[in-house]
Every structure is written in structure tokens, then in C-alpha cells.
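Below, read A as the first sequence line, B as the second, and so on, with proteins coming before strands; counting in each chain starts at 1.
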Amino acid sequence: MLKEKKRSRPDGERAPAPKPKKKPLRSEQPYTMKKGAVVMWKTLEHNGVVFPPDYEPHGVPLTYDGQDVKLLPHEEEIAGFFAVMKDTDYALKPVFVKNFMDGFRAALRNGPHAFITDFKKCDFTKMYNHFAKIREEKKAMTTEEKKAIKAAKDKAEEKYTWAVIDGRKEKVGNFRIEPPGLFRGRGEHPKMGKIKRRVMPEDITINIGRDAQVPPPPAGHQWKAVIHNDTATWLAGWNDVINVKDWKYVQFGATSSIKAESDQKKYEKARSLHKYIDRIRSDYKRNMASDSKEMAQLAVTTYLVDKLALRAGGEKDEDLADTVGVCTLRAGHIKFMDDNVIEFDFLGKDSIQYLQQHKIDETAYKCLQRFVRGKGPDVDIFDEINPQKVNAHLQTLMAGLTIKVFRTYNASITLDRLLQDTNDKNTTLQKKATYDAANKEVAILCNHQKGVSKAHDTQMEKLAAKKKDLAKQITAMKKSDDKNKKKKLAALKERQAKLEIQMNMKEELKTVSLGTSKINYLDPRITISWCKRHEVPPPTVFTKALIEKFHWAMDCEMDFRFCNMDDVKTEI
DNA sequence: ACGCTCACTTAGTATTCCTTTG
DNA sequence: CAAAGGAATACTAAGTGAGCGT
């Protein structure tokens with residue numbers, strides 16, 4: 001059964017400002033408003049956004065049906081979007097090519113080049129080479145030239161990199177407006193290849209304090225609107241040009257106090273789940289045997305979320321890639337194996353495949369068999385529930401609990417558990433390996449993957465060659481009568497052992513992404529406490545950016561499993 | 001109860017930066 | 001000192017969930 005298509009809005013317009021509610025005077029407003037809407041700031045100043053440079057025509061032709069055609073600037077720009085992607089996998093996908101070509105043809109339609117209609121006759125090589133040449137020229141510049149250009153750019157952008165919130169100067173995140181190009185949707189996205197048109201000042205809504213100076217739009221332009229929404233923390237926003245009902249925001253950066261505060265709350269919530277987890281687990285175990293199908297479905301989804309760290313899985317529109325989470329799993333996504341083992345095979349967020357077998361609770365196994373009975377592969381397994389219902393049930397057990405908290409909780413507590421095995425006799429490097437191994441387990445739990453780098457095989461071969469060479473040297477050393485033979489042999493053997501570990505690690509991690517959990521799921525206080533206890537300098541495991549992001553946790557010593565709100569020592 | 005908007009977090013990949021190597 | 005390799009950061013797509021109106 002196909003999911004029902006959600007009604008799409010005909011215009012894609014969005015109200016520029018929150019509905020004007022009957023509010024008391026601003027000065028009379030309490031700091032926290034009635035429900036949900038919390039006032040996030042009293043004053044907010046910033047300098048707006050940076051637009052990409054205007055298009056500069058290069059005059060390099062498109063070759064069509066063997067003939068060079070010099071396009072008009074706006075046509076040339078679009079052809080250029082494709083030319084730079086000529087060698088990517090996208091250019092091989094029919095949907096991508098069709099969407100691109102539809103857009104390209106529409107741009108050509110009323111001009112002198114409307115005869116360009118057939119993708120097969122389009123040859124983008126000249127433009128491609130032109131861009132390649134520019135890249136080469138850039139690369140060939142001296143270090144000083146590169147530095148000077150970078151410095152000039154940094155200087156011009158400096159004032160956009162920060163904003164002042166309640167008197168504090170803080171980093172802005174994505175202050176650069178997204179440049180035009182072709183949409184790179186992930187997986188089988190029906191809109192891939194569509195033209196992402198240039199975002200204009202007229203698209204942008206500025207959110208800023210009432211008393212702040214409104215940043216001037218580029219000369220000859222206007223902002224779409226200027227609002228003063230103090231319950232939101234975004235500085236500017238616009239309707240996404242591909243999924244027009246989506247809204248893109250310019251937000252504060254990861255190191256800002258706004259983000260730090262919400263990060264702390266997230267991890268405190270995950271920690272407090274530890275106090276409730278036994279009750280929650282007995283609740284869903286009991287409810288899996290319930291006569292109520294809805295109750296049983298709530299229980300089984302919660303069980304899967306807890307055991308496998310699955311995502312919620314909200315309903316999606318048909319004009320997006322077909323991906324699922326626990327609530328949207330369909331009968332064809334699971335296979336019943338012997339001994340209560342289920343094979344899960346579905347595409348999750350970003351169309352990343354979740355392909356894992358798990359032995360699950362016997363009652364849950366039987367429930368799943370019952371839920372899929374008589375259903376074709378495209379029918380929803382959990383037909384009586386959705387994430388809202390699951391979350392509503394969870395909130396009868398713990399205030400504020402939602403599905404995603406389980407991912408944070410299980411990721412963090414897994415790290416905490418695995419780090420218990422750290423050997424203090426080890427070197428810092430070995431301790432880092434322990435940390436990375438724990439990080440890796442979390443990444444597998446959360447199914448955080450990455451594409452195998454193109455260079456992977458060559459790199460492995462090189463390491464293998466190195467290893468072979470070392471083995472040779474060792475054999476030679478054994479035969480030699482060098483008086484320092486013992487020492488040298490030991491050194492060689494150590495290098496060999498290190499190389500061996502490096503190779504195994506590289507192979508094991510070739511599809512596993514450690515970064516995502518480190519940035520988003522692992523309570524930094526677990527890591528920092530571990531660093532302290534085992535005398536590992538934090539930069540061993542956190543990059544400079546992460547140390548800044550987690551600055552609020554830097555002096556913490558904490559046990560994740562003891563939830564005491566007083567533990568948060570560092571105030572922002 | 002449900003659909004929809006809004007605001008924000010989470011995610012993989014592209015690009016840039018920095019270090020190592022030849 | 002340049003090229004290569006790998007780490008770090010930038011980018012932007014794609015999720016979650018609260019809350020509101022119907």
C-alpha cells in the first residue's frame with residue numbers, strides 16, 4: 001500500500017512572520033510565555049548575510065550536436081552547473097539528468113537557443129575544461145597569493161561571522177547564503193538535478209532585535225521582511241527553493257551559548273532517562289503482550305527504539321526519497337529468521353541502508369509476525385501508531401521523553417560502559433585506540449556510515465607494501481651480526497605491530513563514521529571525565545572545534561549513570 | 001485526532017587546511 | 001618544496017518534535 005500523498009500547498013508561500021497574537025506590551029511580557037514559546041533573547045544585533053557573487057559569464061560554448069553554441073549568460077550559468085558535475089555519479093542518474101534538462105530547456109525556451117532540447121546532443125566538455133583550468137590556476141598560485149586572497153575574503157566577511165545576543169558577541173553559523181546550482185538530493189530523490197535558483201534578498205526574512213540597526217540589503221534590493229521574533233534564535237531565513245515549503249535558517253554557531261545550553265539540556269534529559277529506564281523496559285515488555293493492538297505496537301516500537309537505536313520515522317511526502325524509521329517500517333523491510341532473529345533491511349535517514357540481523361525478544365518477534373500477517377511488502381507494519389502516539393505514551397512514563405532521547409541515551413551509556421575497560425598502564429595512543437573502539441561501537445549502533453573513499457584500496461595496498469618491506473627488513477636483521485641487532489629488531493617489530501593495527505582499524509572503519517556520534521550523541525562530560533581519570537589530554541580525542549563546542553563540559557567530572565542535576569557545575 | 005508549520009538537530013559529503021613524505 | 005594524504009571544517013540535506021488551528 002502506498003503512502004498517501006500529503007496535500008501540497010499550491011503557492012509554497014509561508015507567512016513572513018508569526019501570526020500577530022494579542023500580546024501584552026513587550027515591556028510587560030513575562031520572560032517565559034504561557035506555553036512552549038519561550039523568550040530566547042532581549043536584544044539581538046547582527047549584520048545580515050553574505051550573498052554569493054553575481055554570475056560572471058565566461059563565454060565558453062556548449063557543444064550541441066557537434067556545433068559550438070555560445071549561450072546567453074543565464075543559460076550559460078545553468079549549463080555550467082551541469083558541467084562541474086559532469087564526472088559525478090549524479091550525472092549518470094536518469095532522474096538527475098531529466099530534472100536538469102527540464103530546467104535547462106525551460107531557461108532556453110523563449111530565447112535564441114531553444115533548439116537545444118536533447119541531452120544526448122549536449123557536450124559540456126569545453127566548459128568542464130574551462131573550470132578545470134581555473135581550478136589549476138588557483139592551485140598554482142603561490143602561498144602568499146592564496147593567503148592574501150583568503151585574508152581579503154576573511155576581512156570582508158568578518159562582520160557577518162558574529163552576532164550580539166543579550167550583549168554577548170557570539171559566532172554565527174551559516175551566514176553565507178547557499179549559492180545556486182543543481183539540487184543534490186540523497187538516495188533516489190525525485191527532485192535531484194532540479195535547478196536551485198539564486199536566492200535573492202527579496203527571499204530573505206531578517207529576524208533581529210527591535211532596537212537593533214537593520215542590516216542594509218544589497219544596493220537596489222530589499223529584504224522580504226524584517227521581524228522581531230524573540231522566541232526564535234535564527235537571524236535570517238528563506239524558503240528553500242527546491243522544497244518550497246521548507247525553510248532554511250541562518251543560526252548561531254555550534255560554540256554559541258544558545259547551542260551549548262540546548263546541548264546541555266539534551267544530555268541531561270538523556271541522563272535522567274537512566275533513572276526511568278527499568279520502569280520503561282518493564283512497561284513495554286508487559287505491553288507487548290497486550291490485547292490492544294495499538295498498545296502492543298507502541299510497545300514493540302519502543303522496544304526497537306531502545307534496543308536498536310532506531311529513529312522515529314515520521315510520515316514523508318511522496319516528492320522526497322522513500323526512507324523510513326521505526327514507525328514507517330513496512331512488511332518488506334523485515335525478514336523472520338530462525339531463533340527469534342529478525343533481519344532488518346531498509347533505507348533510513350539520508351537513504352543510508354540499515355542492514356542488520358538481531359535476535360530479539362520472543363514476544364516482540366511474535367508481535368511482529370502478527371502485525372505483518374496478510375500484508376504485502378509495501379504495507380506499514382505499525383498501522384495503528386505514529387511517532388506522536390509513541391511520544392505521548394513515553395511522556396506518561398517520563399516528562400519530556402521522546403523517541404530520539406533513546407538514541408542519545410544508548411549512545412552515551414554505551415560509550416560510558418566501554419570506557420570502563422581502559423587500562424591505565426597503556427600509552428596515550430593505546431588509550432585513544434580504546435576510545436576509538438568504543439566510539440566505533442556507538443557508530444555501529446546508530447548506523448552512522450560513510451562512503452568508502454575512492455583512494456581506500458590504493459591506500460591499503462600501499463600499507464600492505466610497507467608491511468611486506470618491514471617483514472623483509474626483519475628477516476635481514478635477524479641474519480645480520482649488527483651488535484645493536486636486538487634493539488633494532490625490537491623497533492622494527494614494534495613498527496610492524498603498529499602498522500598491523502593501523503591496517504585493521506582502517507579496514508574496519510572504512511564504512512563507519514565516528515564523527516556523527518562524537519558531535520551529536522556522546523555526552524562530552526563522559527569523554528572529559530575519562531580524559532581526567534586516565535590522564536589523556538582532551539585534544540587527543542576532540543578536535544579544536546569540538547573542544548570549543550563542548551567548552552561547557554571541560555571542567556566536568558561526572559558519572560553519567562548517576563543522575564543528579566547538581567552535577568552540572570559549569571554555568572554558561 | 002490530525003495535518004501542517006515552524007524551529008531546530010542530525011547527517012553524509014565536498015572542500016579546505018595542515019602534516020607528512022619523497 | 002611540492003605533492004600526497006589525512007584530518008578538520010564547511011556545507012546543506014534530511015530528520016524530529018512542539019504546538020497550533022481545525
(request) Compare the minimum distances between each of C:dA13, B:dA7, B:dT9 and the side chain of A:N229, then state the nucleotide with the smallest one. (result) B:dA7
(message) Looking at A:K42 and A:D230, is there a salt bridge between them, counting it only when a charged N and a carboxylate O are closer than 4.0 Å?
(response) no
(message) C:dA18, OP1 or OP2 - any side-chain N/O from A:Q395 closer than 4.0 Å?
(response) yes
(message) If I compare all heavy atoms of A:D317 with all of A:K245, which pair ends up nearest, and what's the gap?
(response) OD2-NZ, 2.7 Å
(request) Salt-bridge test for A:E158 and A:K155: reply yes if a basic N is under 4.0 Å from a carboxylate O, no otherwise. (result) no
(request) Would you please confirm or rule out a distance under 4.0 Å between OP1 or OP2 of B:dA1 and any side-chain N or O of A:K389? (result) no
(request) Verify the distance criterion only: is there a donor paired with an acceptor across the side chains of A:N410 and A:D306 at less than 3.5 Å? (result) yes
(message) Taking the basic N atoms (NZ, or NE/NH1/NH2) and the acidic carboxylate oxygens, is any pair closer than 4.0 Å for A:K93 and A:D89?
(response) no
(request) Verify the contact: side-chain N or O of A:W247 to OP1 or OP2 of B:dC6, cut-off strictly under 4.0 Å; return yes or no. (result) no
(request) Establish whether the base of B:dT10 is bridged to the side chain of A:K349 by a donor-acceptor pair shorter than 3.5 Å. (result) yes
(message) By nearest atom, which of the nucleotides B:dA11, C:dT12, B:dA7 is closest to the A:R311 side chain?
(response) B:dA11
(request) Examine C:dA14: is either OP1 or OP2 under 4.0 Å from a nitrogen or oxygen in the side chain of A:H189? Give yes or no. (result) yes
(message) What's A:G237 touching, base or sugar-phosphate or nothing? Going by heavy atoms closer than 4.0 Å.
(response) nothing
(request) Tell me whether the OP1 or OP2 atom of B:dT13 has a side-chain N or O from A:R186 closer than 4.0 Å. (result) no
(message) Base, sugar-phosphate or nothing for A:G325? Non-hydrogen atoms, less than 4.0 Å.
(response) nothing
(message) Considering every strand and a 4.0 Å limit on heavy-atom distances, what is the contact class for A:Q388: base, sugar-phosphate, or nothing?
(response) nothing
(message) Classify A:I403 by what it touches in the nucleic acid, base, sugar-phosphate, or nothing, heavy-atom distance under 4.0 Å.
(response) sugar-phosphate
(message) Once you apply a heavy-atom cut-off of 4.0 Å, does A:N243 come out as touching a base, just sugar-phosphate, or nothing?
(response) nothing
(message) Before we go on, tell me: are the rings of A:F96 and A:H189 under 6.0 Å apart, centre to centre?
(response) no
(message) Please tell me if A:Y249 has a side-chain N or O lying less than 4.0 Å from either OP1 or OP2 of C:dT12.
(response) no
(message) Using a strict threshold of under 4.0 Å (side-chain N to carboxylate O), is an ion pair present between A:E268 and A:R525?
(response) yes
(message) Please report the distance, rounded to the nearest Å, between CD in A:E136 and P in C:dA3.
(response) 10 Å
(message) At less than 4.0 Å, is any side-chain N or O atom of A:N386 found next to OP1 or OP2 of B:dG3? Yes or no.
(response) no
(request) For B:dT9, take OP1 and OP2 only and decide whether either is under 4.0 Å from a side-chain N or O of A:S262. (result) yes
(message) Categorize A:I242 for me: base, sugar-phosphate, or nothing, with a 4.0 angstrom heavy-atom threshold over every strand shown.
(response) nothing
(request) Mind checking A:R135 for me? I need base, sugar-phosphate or nothing, with any heavy atom below 4.0 Å counting as a touch. (result) nothing
(message) Measuring to OP1 and OP2 of C:dA14, would you say a side-chain N or O of A:K316 lies under 4.0 angstrom away?
(response) no
(request) Could you tell me the separation between the CG atom of A:D319 and the P atom of C:dA13, rounded to a whole number of Å? (result) 14 Å
(request) Using atom NZ of A:K265 as one end and atom P of C:dG17 as the other, report the distance to the nearest whole Å. (result) 17 Å
(message) Applying a 4.0 Å non-hydrogen cut-off, can you work out what A:K139 is touching in the nucleic acid: base, sugar-phosphate, or nothing?
(response) nothing
(message) With a cut-off of less than 4.0 Å, is there a side-chain N or O of A:R184 near OP1 or OP2 of C:dC11?
(response) no
(message) Using whole Å, what does the distance between atom P of nucleotide C:dA10 and atom CD of A:E548 come to?
(response) 10 Å
(message) B:dT9, OP1 or OP2 - any side-chain N/O from A:K266 closer than 4.0 Å?
(response) no
(message) What is the distance, to the nearest angstrom, from the CZ atom on A:F252 to the C1' atom on B:dA7?
(response) 15 Å
(message) Check this one for me: any side-chain N or O of A:T543 less than 4.0 Å away from OP1 or OP2 of C:dT9?
(response) yes
(message) Output the rounded distance in Å from CD1 (A:I352) to P (B:dG12).
(response) 5 Å
(request) Figure out the NE2/P separation between A:H456 and C:dA7, and round it to whole Å. (result) 13 Å
(request) Quickly work out the A:L347 CG to C:dG15 P distance and round it to whole Å. (result) 10 Å
(request) Please check the phosphate of B:dG12 (OP1 and OP2 only) for any side-chain N or O of A:T516 closer than 4.0 Å. (result) yes
(message) Any salt bridge linking A:K224 with A:D203? Criterion: basic side-chain nitrogen under 4.0 Å from a carboxylate oxygen.
(response) no
(request) Report yes if a side-chain nitrogen or oxygen of A:K150 is closer than 4.0 Å to either non-bridging phosphate oxygen (OP1 or OP2) of B:dC17; otherwise report no. (result) yes
(message) Please classify the nucleic acid contact of A:G451 as base, sugar-phosphate, or nothing, using heavy-atom distances under 4.0 Å.
(response) sugar-phosphate
